[in-house]
Amino acid sequence: ATCKHFCAYDIENFNGTSRHSFNAVVSDQDLVETYFPTFKSCVQEGHGASIMCSYNAVNGVPSCANDFINNKITRDEWGFDGYIVSDCGAVSNILNAHHYTKTAEDTVKIALRGGCDLDCGGFYQQNAQSAYSKGTINNTDLNLAMTRLFRYRMRLGMFDPPSSQPYVTQYTADIVNTPA
């Protein structure tokens, strides 16, 4: 399961404010008492495999670049061992909607180091090579994200022989991809 949308995300074009650039200013008390409990339960009781970081910023830091909520709270405090995936386009929003970074390479760096392992969108795909070539990100950044992602692929049996994968043998394209 994916716990989403983390964190303090509850606006949809309210009075001209876009969810893509909204900054939720939230007190520590409100984070702890209002916004964190459901996600903490999803991680600790529901054993969620992933968390989706949201479009908005929390206290000035875009959610998908937020080391405090993604790493310090979910991983260090709650013991989350899964991966964090962006909402689609949220990594791009760090640069283009929040104007939190100045370059695409810095955006890749701040998102990866902020705990966002997987980009739902094309931003990592389009800019990670340049960030790596320029030394903005390094093997440690990539290995950490890949380890988190591949750990779950292995848990799902994606590298097991096809004959032992029920989703390959029982749920073929002709059954899943139907007009109904």
Side-chain angles (χ1 to χ4, degrees), residues 1-13 17-26 31 35-36 39 42-43 48-156 158-159:
T2 299
C3 315
K4 57 185 186 177
H5 298 90
F6 194 58
C7 170
Y9 178 75
D10 61 358
I11 192 167
E12 183 71 37
N13 297 323
T17 301
S18 169
R19 63 186 173 155
H20 296 277
S21 60
F22 179 67
N23 177 34
V25 178
V26 185
L31 281 171
Y35 292 101
F36 287 169
F39 290 96
C42 183
V43 166
S50 63
I51 293 174
M52 179 175 279
C53 52
S54 55
Y55 293 119
N56 63 292
V58 177
N59 297 327
V61 182
S63 294
C64 292
N66 199 317
D67 178 63
F68 174 70
I69 63 172
N70 294 333
N71 292 320
K72 305 273 187 301
I73 297 298
T74 65
R75 291 187 167 113
D76 298 344
E77 189 175 316
W78 299 343
F80 178 62
D81 73 344
Y83 63 93
I84 294 178
V85 58
S86 73
D87 204 338
C88 297
V91 172
S92 174
N93 287 351
I94 295 168
L95 174 66
N96 297 312
H98 293 287
H99 309 290
Y100 190 75
T101 53
K102 300 284 186 212
T103 67
E105 293 82 8
D106 284 341
T107 304
V108 171
K109 176 180 80 174
I110 196 125
L112 282 171
R113 293 185 184 170
C116 184
D117 304 304
L118 181 62
D119 169 30
C120 174
F123 202 85
Y124 281 175
Q125 183 179 1
Q126 294 164 6
N127 299 291
Q129 180 62 53
S130 175
Y132 184 80
S133 296
K134 291 179 179 180
T136 309
I137 60 172
N138 56 42
N139 286 340
T140 302
D141 298 318
L142 297 173
N143 288 339
L144 184 57
M146 292 293 99
T147 298
R148 291 174 181 148
L149 293 168
F150 276 86
R151 180 184 306 127
Y152 273 87
R153 292 186 73 187
M154 292 176 82
R155 286 183 186 174
L156 290 169
M158 295 177 81
F159 301 102

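A donor-acceptor distance shorter than 3.5 angstrom exists from the side chain of Asp141 to the backbone of Asn138, with no hydrogens or angles considered. Checking side-chain atoms of Ser54 against main-chain N and O of Cys7 turns up a donor-acceptor pair under 3.5 Å. In terms of modelled atom types and a separation under 3.5 Å, the side chain of His98 and the main chain of Tyr55 share a donor-acceptor contact. Formation of a donor-acceptor pair under 3.5 Å by the Asp87 side chain with backbone atoms of Ala90 is not found in this model.
Not counting sequence neighbours, the partners of Ser86 by the side-chain hydrogen bond (donor to acceptor under 3.5 Å, both in side chains) test are Asp119. In this structure, the disulfide bond (SG atoms under 2.5 Å apart) partners of Cys53, at least two apart in sequence or on a different chain, are Cys64. Legend: residues meeting side-chain hydrogen bond (donor to acceptor under 3.5 Å, both in side chains) with Asp67, ordered by chain and number and at least two apart, are Asn71, Lys72. Looking at residues two or more places apart in sequence or on another chain, you find no side-chain hydrogen bond (donor to acceptor under 3.5 Å, both in side chains) involving Tyr100. Remark: Arg153 engages Phe150, Met158, Phe159 in a side chain to side chain contact (heavy atoms under 4.5 Å, CB included) (not counting sequence neighbours). Considering only residues two or more places apart in sequence or on other chains, Phe39 meets the ring-ring contact (aromatic ring centres under 6.0 Å, His included) condition with Phe6.
Atom OH of residue Tyr9 and atom CE of residue Met52 lie 10.0 Å apart, to the nearest 0.5 angstrom. To the nearest 0.5 angstrom, Glu105 atom CD is 11.0 Å from Gln129 atom CD. Atoms CE and CG, from Met146 and Asn139 in turn, are 12.0 Å apart once rounded to the nearest 0.5 Å. The distance from atom CD1 of Ile84 to atom OG1 of Thr2, rounded to the nearest 0.5 Å, is 11.0 Å. The distance from atom NE2 of His99 to atom CD1 of Ile94, rounded to the nearest 0.5 Å, is 13.0 Å. The SG atom of Cys42 sits 11.0 Å away from atom NZ of Lys4, with the distance rounded to the nearest 0.5 Å.
Heavy atoms only, all atoms of each residue included: Cys116 and Tyr124 are closest at O-OH, 2.6 Å. Annotation for Gly60 and Asn23: closest pair N-OD1, 2.7 Å, computed over non-hydrogen atoms. The two atoms that bring Asn56 and Ala8 nearest to each other are ND2-O, 3.3 Å, heavy atoms only. Here the closest non-hydrogen pair linking Lys109 and Ile137 is CA-CG2, 3.6 Å. Nearest heavy-atom pair across His20 and Asn93 is ND1-ND2, 2.9 Å. Looking at every heavy atom in both residues, Val58 comes nearest to Ser63 through CG2-OG, 3.7 Å.
Among the candidates Thr136, Asn127, Thr101, the single residue satisfying the side chain to side chain contact (heavy atoms under 4.5 Å, CB included) test with Thr107 is Thr101.
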*Going through the checks in order, is the side-chain contact (heavy atoms from CB on, under 4.5 Å) test met by Leu142 and Leu112?*
CA-CA 8 Å; Leu142 297 173; Leu112 282 171; 4.2 Å; yes

*Tyr83 and Thr147: CA distance, side-chain angles, deciding distance, side-chain contact (heavy atoms from CB on, under 4.5 Å) verdict*: CA-CA 9 Å; Tyr83 63 93; Thr147 298; over 6 Å; no

*Apply side-chain contact (heavy atoms from CB on, under 4.5 Å) to the pair Val61 and Phe68, showing each step before the final yes or no.*
CA-CA 9 Å; Val61 182; Phe68 174 70; over 6 Å; no

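Taking the side chain as every heavy atom from C-beta outward, Arg75 and Arg148 approach each other to under 4.5 Å.
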